**Q** 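Right, I'll just put the structure down here and ask away after.
Just so you know, these numbers come straight off a predicted model, no measurement behind them.
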Amino acid sequence: MSYQVLARKWRPRNFSTLVGQEHVVRALTHALTEQRLHHAYLFTGTRGVGKTTLARILAKSLNCERGITAEPCGQCASCLEIDAGRFVDLLEVDAATNTRVDEMRQLLENAVYAPTRGRFKVYVIDEVHMLSTSAFNAMLKTLEEPPEHVKFILATTDPQKIPVTVLSRCLQFNLKQMPPTAIGGHLAHVLQAEGVTFEPAALGQIAHSAAGSMRDALSLLDQAIAHGAGAVTQAQVRAMLGTVDHDHLFSLLEAVRAGDASELLRIASDMSVRSFSFVSALQELAFLLTRIQVAQCAPGAVAEDEPERERLLAIAAAFSPEFVQLAYQIAVIGRAELGLAPDEYSGFVMTLLRLHSFRPSSVADIVTAVAPRARSRQGVGDPVSAPVIAGAESRVRSAAVVPPSVPLTSSGGTAMEGGARPLEISRSADWGEIVNALPVSGMARELAQNCELRQLDDTHCLLRLPPSRAHLQMKATVEKLQQALVAHFDRPLLLRIEVSQIDGDTPAAQAGREREQRHQRAVESIDNDIFVREMIEICDARLDAETVKPLA
């Protein structure tokens with residue numbers, strides 16, 4: 001007896017056994033139950049999601065000998081012949097092969113004849129987007145007003161290539177890609193019915209690799225059964241697919257956290273010896289980083305029965321959310337650049353070293369490491385070295401530019417890190433003088449003028465920004481202001497900005513009051529002018545104060 005592949009053996013025979021397309025099944029079931037039958041249907045979706053299967057089930061529902069029903073019996077001659085692929089009134093056409101207008105005309109000429117066996121003559125045209133423009137034009141009239149006994153079912157993976165004139169004549173159903181959980185559940189059902197032993201984790205790997213296609217999943221399952229000699233295990237499926245064990249991925253992230261480049265290279269070499277796919281490795285790493293970010297932002301979203309829950313939460317606690325975002329971007333870009341690398345191994349190693357180079361680090365460590373070298377090259381008193389240090393800080397730890405607010409002490413001062421000695425600069429007038437001396441313009445100057453100086457010491461500067469001006473706190477603007485402060489004070493300086501209600505005046509508020517005072521003096525000067533007073537009295541005029549502008 002010949003073997004039948006699982007994808008064909010387990011093809012759904014009715015709507016109740018169809019997996020993952022509930023929205024389409026619901027619409028078709030209601031239409032069949034209420035006898036609201038359209039003459040043309042269009043099923044769209046990627047490979048292996050059930051387009052042809054739905055077409056055959058719909059054909060059975062229309063031609064079942066028990067009547068038009070959403071639950072075909074599957075036992076009458078019509079149902080059995082449709083399942084076997086020999087029903088004379090079900091015509092399945094491959095549009096990829098029959099693309100010409102002559103073949104379409106010949107097909108439509110036979111549509112006028114009544115069905116031989118069934119209730120309807122059903123035309124299933126697969127990959128309909130492959131038809132030529134002339135073939136589409138030839139079928140338009142028949143597709144719009146076909147004979148009562150004809151039903152068209154079109155299927156395509158690329159609906160964008162179908163003319164709008166055809167789309168407007170059909171009921172369109174978009175079949176979704178199936179979620180891995182639905183695929184895994186169906187594979188488990190198939191293996192239980194087949195009497196094949198399996199590990200649930202192995203089915204999860206197959207479902208993930210199928211990328212939403214049930215047919216691909218069943219084909220991979222056939223391959224896994226053969227590879228495992230009648231059993232489906234996680235280790236054998238991973239070896240068959242060439243996927244990376246998550247232990248390697250967690251070890252990579254542990255090495256990044258520890259700053260151990262040698263361990264990263266050792267793991268990469270071990271993966272190369274095991275012939276792992278580095279494209280798949282970076283894809284799985286990006287997927288793992290996504291799960292880590294979810295665990296950081298919404299810990300409750302991590303299921304309690306997640307097998308890797310503890311390791312996931314531990315890694316999530318070890319990295320900052322900003323670094324996880326950066327690591328995700330590095331993994332995705334590294335995967336895209338593998339084709340440009342000398343070889344995949346070199347591209348993978350460079351991606352890992354990029355993660356190592358941008359790993360989280362203390363700003364204080366960077367200042368300590370960079371300052372002596374920069375000053376030795378530029379000179380202790382040379383202000384050029386200061387922006388170099390500030391630039392290094394901002395690149396290593398973006399969170400240092402706009403960190404959380406610093407708590408105030410009971411005496412009204414600020415609890416600075418490391419017990420640094422605060423300088424005696426705390427008045428808005430002093431901050432205004434500093435802002436006027438800074439070599440900044442545009443948004444950076446606007447930000448500085450709307451801030452209140454809270455504390456300034458040897459290594460830190462704390463500013464307070466009112467909530468009404470919070471939109472000025474952009475990363476690039478804060479970096480420019482920090483670099484200007486470093487150049488002004490000629491020393492490494494970490495800028496911190498907190499958004500809160502201010503206690504005193506900002507340079508912008510002072511400047512506004514000064515402008516108002518100058519404007520008031522100018523108005524009074526003009527109002528007291530003898531000539532102006534005479535013109536007002538003679539002409540019964542008035543002075544428009546809004547148009548008065550002071551000369552200085």
Side-chain angles (χ1 to χ4, degrees), residues 383 386-387 390 401-402 405-406 408 412-414 422-457 460-491 493-552:
V401 177
V402 189
S405 60
V406 180
L408 295 178
T414 306
L423 298 181
E424 294 300 327
I425 301 178
S426 59
R427 294 173 299 170
S428 297
D430 296 331
W431 175 241
E433 294 174 2
I434 295 173
V435 172
N436 291 333
L438 293 180
V440 292
S441 59
M443 291 294 291
R445 176 167 289 276
E446 186 73 11
L447 173 63
Q449 289 178 338
N450 282 276
C451 285
E452 175 191 20
L453 180 62
R454 299 293 296 169
Q455 199 68 52
L456 180 64
D457 67 8
H460 296 77
C461 177
L462 175 64
L463 301 179
R464 178 174 290 179
L465 183 66
S468 60
R469 294 290 184 268
H471 62 278
L472 298 173
Q473 190 183 6
M474 294 182 291
K475 182 178 179 181
T477 304
V478 177
E479 287 181 350
K480 289 181 181 180
L481 180 57
Q482 175 172 307
Q483 293 175 4
L485 288 170
V486 169
H488 177 74
F489 290 107
D490 189 21
R491 65 171 182 271
L493 197 65
L494 178 61
L495 174 62
R496 294 176 180 269
I497 298 180
E498 63 178 14
V499 178
S500 180
Q501 295 296 338
I502 61 175
D503 298 331
D505 285 339
T506 64
Q510 288 187 345
R513 283 198 302 271
E514 292 175 359
R515 285 194 301 270
E516 182 62 28
Q517 292 172 1
R518 291 197 303 270
H519 178 264
Q520 188 62 32
R521 289 195 296 267
V523 171
E524 292 176 355
S525 176
I526 295 178
D527 192 44
N528 295 330
D529 185 82
I530 298 176
F531 176 76
V532 174
R533 296 308 305 174
E534 290 178 355
M535 292 297 297
I536 291 175
E537 293 175 0
I538 295 172
C539 300
D540 193 19
R542 63 180 181 84
L543 177 63
D544 188 357
E546 296 297 331
T547 62
V548 177
K549 295 183 179 180
L551 297 177

**Q** Within the 4.5 Å heavy-atom criterion, are L447 and L463 side-chain neighbours or not?
**A** no

**Q** Evaluate the side-chain proximity of L495 to V478: yes if any heavy-atom separation is below 4.5 Å, no if none is.
**A** yes

**Q** Looking only at heavy atoms, which two atoms of H488 and A437 are closest? And how far apart?
**A** CE1-CB, 3.6 Å

**Q** Out of curiosity, L465 CG to S468 OG, how far, rounded to the nearest 0.5 Å?
**A** 7.5 Å

**Q** Carefully, step by step, assess D503 and R454 under the rule side chain to side chain contact (heavy atoms under 4.5 Å, CB included).
**A** CA-CA 9 Å; D503 298 331; R454 299 293 296 169; 3.0 Å; yes

**Q** To the nearest 0.5 Å, what is the distance between CD (E514) and NE2 (H519)?
**A** 15.5 Å

**Q** Can you measure from CH2 (W431) to CG (L438) and round to the nearest 0.5 angstrom?
**A** 6.0 Å

**Q** Which atoms form the tightest heavy-atom contact between L493 and L485, and what is the distance?
**A** CD2-CB, 3.9 Å

**Q** Any side-chain heavy-atom pair from I434 and F489 closer than 4.5 angstrom?
**A** yes

**Q** Got a donor-acceptor contact below 3.5 angstrom from the R464 side chain to the E498 backbone?
**A** no

**Q** Is the side chain of Q455 donor-acceptor paired with the backbone N or O of L462 at a distance under 3.5 Å, no angle test?
**A** no

**Q** State, to 0.1 Å, how close C451 and P507 come at their nearest heavy-atom pair, and which atoms those are.
**A** O-CD, 3.3 Å

**Q** Would you compute the distance between atom CG of L453 and atom CD1 of I502 and round it to the nearest 0.5 angstrom?
**A** 12.0 Å

**Q** So, do V499 and R469 sit near enough that their side-chain heavy atoms are less than 4.5 Å apart?
**A** no

**Q** Which atoms form the tightest heavy-atom contact between L472 and M443, and what is the distance?
**A** CD2-CE, 3.5 Å

**Q** Please report the shortest heavy-atom distance between V440 and A484, naming the atom on each side.
**A** CG1-CB, 3.3 Å

**Q** Out of curiosity, L494 CG to H460 NE2, how far, rounded to the nearest 0.5 Å?
**A** 5.0 Å

**Q** Is R445 reaching over with its side chain to a backbone N or O of V435, donor-acceptor style, under 3.5 angstrom?
**A** yes

**Q** Using side chain to side chain donor-acceptor pair (under 3.5 Å) as the criterion, list what pairs up with R515, not counting sequence neighbours.
**A** none

**Q** How far does OG1 of T477 sit from NE2 of H471, to the nearest 0.5 angstrom?
**A** 10.0 Å

